[in-house]
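Have a look at the structure below, then the notes.
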Amino acid sequence: MRLDLMIMSGVDDGLRLSYTVENGDGQLSEDQARWKISIGRKEDSDVCLRNDSFISRQHAYIHWNDSQWWLEDCASTNGTFVEHADSDARVSGTIPIEVSQLFRVGHTWMRIEKSDE
């Protein structure tokens with residue numbers, strides 16, 4: 001399994017991050033059917049965005065489950081949002097997210113990139 005993320009704003013604009021199960025990134029469920037990557041300001045977050053003061057220490061997760069990416073807000077103070085045609089929608093709980101769909105944690109916009117694999 002592989003996740004490629006692109007930072008779309010802020011000081012890390014244009015930075016592409018890659019995570020794989022084989023490298024030990026994220027957390028893999030015991031049955032190896034689910035994988036999650038953490039996003040936050042904590043140093044041990046998989047995606048550590050310490051330059052955005054609007055991101056909680058443990059802000060959100062991206063999950064791979066049932067052949068689909070999912071975005072989960074971890075009851076963050078400033079919310080997690082996905083881009084929609086006319087406005088940004090706040091994420092409540094866990095929602096499906098598509099490759100290339102923009103989402104925002106704190107003030108940082110990101111998107112899942114299509115993997116080169």
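Here the CE-CG distance, from Met6 to Asp13, works out to 9.0 Å after rounding to the nearest 0.5 Å. Distance CG/Leu71 to CD/Glu98: 12.0 Å, rounded to 0.5 Å. For the atom pair CD of Gln68 and CD1 of Ile95, the computed distance is 10.0 Å after rounding to the nearest 0.5 Å. Here the straight-line distance linking atom OG of Ser18 with atom CZ of Arg16 works out to 5.5 Å at 0.5 Å rounding. Rounding to the nearest 0.5 angstrom, the gap separating the CD1 atom in Ile39 from the OG1 atom in Thr108 is 10.0 Å. Distance check, rounded to the nearest 0.5 Å: OG of Ser100 to NZ of Lys114 gives 9.0 Å.
In this structure, the side chains of Ile62 and Lys36 stay at 4.5 Å or more apart for every pair of heavy atoms. For the pair Asp88 and Trp109, the minimum side-chain heavy-atom distance is below 4.5 Å. Counting heavy atoms from C-beta on, the side chains of Val47 and Tyr19 come closer than 4.5 Å. Within the 4.5 Å cutoff, the side chain of Ile55 has no heavy atoms near those of the Asn78 side chain. By the 4.5 Å heavy-atom criterion applied to side chains, Arg111 and Met8 are counted as neighbours. Side chains of Ile112 and Leu3 form a contact here, defined as non-hydrogen atoms less than 4.5 Å apart. For the pair Trp35/Ser29, no side-chain contact is recorded, criterion being any heavy-atom separation below 4.5 Å from C-beta on. Counting only heavy atoms from C-beta outward, the side chains of Arg34 and Asp66 never approach each other to under 4.5 Å.
Of all heavy-atom pairs between Asp44 and Ser38, the closest is O-OG, 4.4 Å. Annotation for Tyr61 and Gln58: closest pair CZ-NE2, 3.8 Å, computed over non-hydrogen atoms.
Trp69 and Phe81 are members of different hydrophobic clusters when ILVMFWY side chains are connected at heavy-atom separations under 4.5 Å. Trp70 and Val21 fall into different hydrophobic clusters, where Ile, Leu, Val, Met, Phe, Trp and Tyr side chains are chained together by heavy-atom contacts under 4.5 Å. No continuous path of hydrophobic side-chain contacts links Leu102 to Leu5 [ILVMFWY only; heavy atoms under 4.5 Å].
A salt bridge between Arg2 and Asp4 is present, with a side-chain N of the basic residue lying under 4.0 Å from a carboxylate O of the acidic one. Here Glu43 pairs with Arg50 in a salt bridge; the nearest charged N to carboxylate O distance falls below 4.0 Å.
In terms of modelled atom types and a separation under 3.5 Å, the side chain of Asp73 and the main chain of Ala75 share a donor-acceptor contact.
Screening Val82, Val105, Ile97 for a side-chain contact (heavy atoms from CB on, under 4.5 Å) involving Val91 leaves a single residue, Val82. Considering Met110, His59, Lys42 as possible partners of Leu49, the one that fulfils the side-chain contact (heavy atoms from CB on, under 4.5 Å) test is Met110.
With a 6.0 Å radius and a threshold of 12 heavy atoms from other residues, nucleotides or ligands, Arg57 has its CZ atom at or below the threshold.
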